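A short write-up of the structure that comes next.
The structure displayed is predicted, hence computed values, not measured ones. Below, chain A is the first sequence line, B the second, and so on; all start at residue 1.
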Amino acid sequence: MAASNADGTLGEHVPRYESNDLNSQVIHIGSFRNSWLETLPPDLYSYEIKSEEIEIAQLAEVLQIPTETLNELKDICSVDSLKSHPDDQPVDSNVVPPNPDLACLRLRKKRQDYKKTLVRDLVGRHDTYSNEMESVHMGLMPEDSTSVVPEGEIILSFNIVYPILFERFKHVRAHQTMQVLGSQNLTELRDAICCVSDLQVFGEFSNMPDATPQYISKDHYKSAFFYFEGVFYNDTRYPECRDISETTREWAKTRDFPEFKTAKMEDMTFYDLRMKIGYPYFYCHQGDCEHVMVLTDIRLIHPDDCRDRTLYPLLSHKHRVMTRKCCVCHLYISRWITTNDRLAPMDPCLFCDKCFRMLHYDAQGNKLYDFQAYVYVDPGVFN
Amino acid sequence: MGSPTSVLLSLSLKSCCNTSSYVDTATQTLFWLRLFVCSSLRVFSRQIIMSEQLRKFEEPLKTDLEELLGRFQRTTSVRYEDFSSMWRDMKFGDIFHGIQNLKEKNAFSRIALNTATAYFLPPYSFQVRVGGLYVLYGLYHSQCSLPKQKIRLALKDWGDVQAFTQDALSSQHYDVVYILHKLLGTKAFHFTAMPVPLAFLRDKKNQVMPNTEAVAKPSSRPQQLVTTEMLEEVANIHQHYKQLKASVSAQHPEASLNLVRHNLVPKLFNSVMSFSTWQNIHTQGGEASVQSTSLDEPSTSSSSNQHQQQQECSRRADLLASIKARSYGQVVEVAKSRRHRQAELCSAGDAGPREDPGMGGVPGAIPRRRRRFHNSLRYRTLRRLYETGGIPEEFLTSTKLWRLSKADQEETTRAIKTRFKW
């Protein structure tokens, strides 16, 4: 197998670049996993890390040299041989060493010296914990052994781009990154994607601001679809779900497009999919809330990854957005949006809960004048 | 996939709304939602800066790695001892030092490992690949990130790695095999589909693409087409054709039969020649000497070309100077009403844009484009008044609002804000 790979006749399921450094060819994800598992010896992707003695003994067998020679080799090649500073003089790794020779360090030093000249270097509290999301699940083991992710499982990383992209923000691509297991259903990813348009509450509430809304739009409109490689995967788990891709497909029929297929989202696992890595695909829910999705990476699971199956899909990156503050106090995040409001500075206008009630209602909770009020869910609630 | 469908999908919203009473408010709220999401997508600039910053480190990383591997290559050995002494000598492990933020540390380690992986894989020679493997080993164990970032190995490269191991085994480079086994044993690899995560960053890729235009060979299609053999062939055919014509219309020669020019071959040859001379002139400097023609060039060597080019340029400069001299050489008499603003005569050289002394006034050298800053009319008038002694010097600078509350003698230094140049 390895030999056949080496002489250039790569298998069908070995992903290669379609356009350079941009995206891969279409691959079948399940077959891709199988071809890794076929080529790799099982101990390379297993969770257990072998003890040193066993490893030395095995290696001596492979190399066909006596163990003493190998021990000698081990001393030569030890990690300590890389240390440029003796153990008794530890250096602070947070400081760029003085007079560096390496180009990287020179650049970094230049940058840091520049930063020192700035009056104010922004240190946000967000930056302190920015790594939290990646490291919190590191090597996590489940409590019961039934939900351990099996060895040789694959992890797919999806970038799910926030729905609205403008020319202005094109260079940023505000997105969230999800890690999914190959054996999971598409519906599990669909349920894990958080988007504010799922949380909207419909209706006018100016007469009864205390009434707690019972339903959010996620409960009303359950239809959604993924679009991967010419196939619309519809969510049909509930009786009220509709095929909202129908309009698009019918439109495409009249426009000389190739025939699009449909499939059920809940029947498919990621192993069954055929996709390109790094190619933009599509997720649509709430009728017209559209997210571009990019499958950025597929890899075998590693001992350092989260091994609790129940925690997947795992959110590993989330883009922060500015929250819109109340227009009265400029302090709290807005919860209400009003129209036809003669006391408001603009139309529509945003208010936090407290300011909204103080401005629009008297002490008994009676409405003071005529206006319309709607619930506002800030996109920054996920920050 | 994006835009044409999106229009229709927004139409299909209505079809998916089962309860009609909600339709109006639903669309209304969604509209506002869109409106506010637009403006609230003002992102934290720090996030962008970080990724931008790290991309700037790719180049110096390559420089450093090539320096290390170049030194290793010069030893003509694949022993690990040689490598590790060099590593220590260069203090290469310090490359990870000086980053405070953990996220940045991780990202830098990822970039470093990705860059180094390229040297471990084929087109490089066996020795460089061994060096690449040692570099990976070194980088992996000296990174300060948590968890230790992994080396990405794509499925298509796994075969190469195995072949590499076989090579090392058969030539008994035990240290190479040992290090590879150790890396695999400590689970330092991620077995992935592609060498790097791909996020369809088309725009960024285009920016990074180097400009190859300067290095590209000048096009030589006409020269390839019109070769000496081809010319001979055409000459033969032309000869034959003429004979045929002569035989047909010997009795009554007709003007309508003269469809082809008599001097077809020399004309063709001349036009190709003039094209290639033109091309040589237009390609800059010494590259003009690269002769991509298959024709035998009659003594149009590069030096004569350059000379010609210089001549042409200086001719143009002379022409410009003479035009200026003529137009600025005479002063127009101004009207009586404007006699307090008499025009003055200055030489053409002063009036024109001054040439950079660094360019040495070489004719034909492209002057550095610099934005010319014009003082305002007010300032120029004040300056002139000051020079004639009409006003004191302090009139030249305007009084800032904040100076109203400060004494004249008090000097405040203005903070100069400069941007960082990568």
Steps toward side chain to side chain donor-acceptor pair (under 3.5 Å) verdict (A:Thr177, A:Asn159): CA-CA 5 Å; A:Thr177 306; A:Asn159 277 5; 3.1 Å; yes
Answer whether the closest heavy-atom distance between the side chains of [X] and [Y] falls below 4.5 Å.
X        : Y        : answer
A:Tyr17  : A:Asn23  : no
A:Leu295 : A:Leu156 : yes
A:Asp305 : A:Ile155 : yes
B:Leu153 : B:Val161 : yes
B:Val176 : B:Leu133 : yes
A:Arg33  : A:Ile29  : no

For chain A, which of [options] has the most heavy-atom pairs under 4.5 Å?
options                              : value
B:Met90, B:Arg152, B:Gln166          : B:Arg152
B:Glu59, B:Lys91, B:Lys105, B:His190 : B:His190
B:Lys150, B:His141, B:Lys187         : B:Lys187
B:Phe108, B:Tyr134, B:Phe96          : B:Phe108

Using non-hydrogen atoms only, which part of [X] is less than 4.5 Å away from chain A: side chain, backbone, both, or neither?
X        : value
B:Ala112 : neither
B:Tyr140 : neither
B:Tyr137 : both
B:Asn106 : side chain
B:Tyr178 : both
B:Thr63  : side chain
B:Ile95  : both
B:Leu61  : both

For [X], which atoms come within 4.5 Å of any heavy atom of chain B: side chain, backbone, both, or neither?
X        : value
A:Glu48  : backbone
A:Ser334 : neither
A:Ile154 : neither
A:Asp243 : neither

query: Taking it one step at a time, do B:His173 and B:Arg79 satisfy side chain to side chain donor-acceptor pair (under 3.5 Å)?
result: CA-CA 8 Å; B:His173 296 309; B:Arg79 291 283 80 81; 3.2 Å; yes
- prompt: For the residue pair A:Tyr227 and A:Phe225, is the inter-centroid distance of their aromatic rings smaller than 6.0 Å?
  reply: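 Distance test on ring centres: not under 6.0 Å, no.
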task: Tell me, out of A:Leu102, A:Leu300, A:Leu105, A:Asp297, who's got the most heavy-atom pairs with chain B below 4.5 Å.
output: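 Most pairs with chain B among the choices: A:Leu102.
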Ionic contact status for B:Glu58 with B:Lys62, cut-off 4.0 Å: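 A salt bridge is absent here (no side-chain N lies under 4.0 Å from a carboxylate O).
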task: Taking only Lys NZ, Arg NE, NH1 and NH2, and the carboxylate oxygens of Asp or Glu, determine whether B:Asp175 and B:Lys182 approach each other closer than 4.0 Å.
output: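 No.
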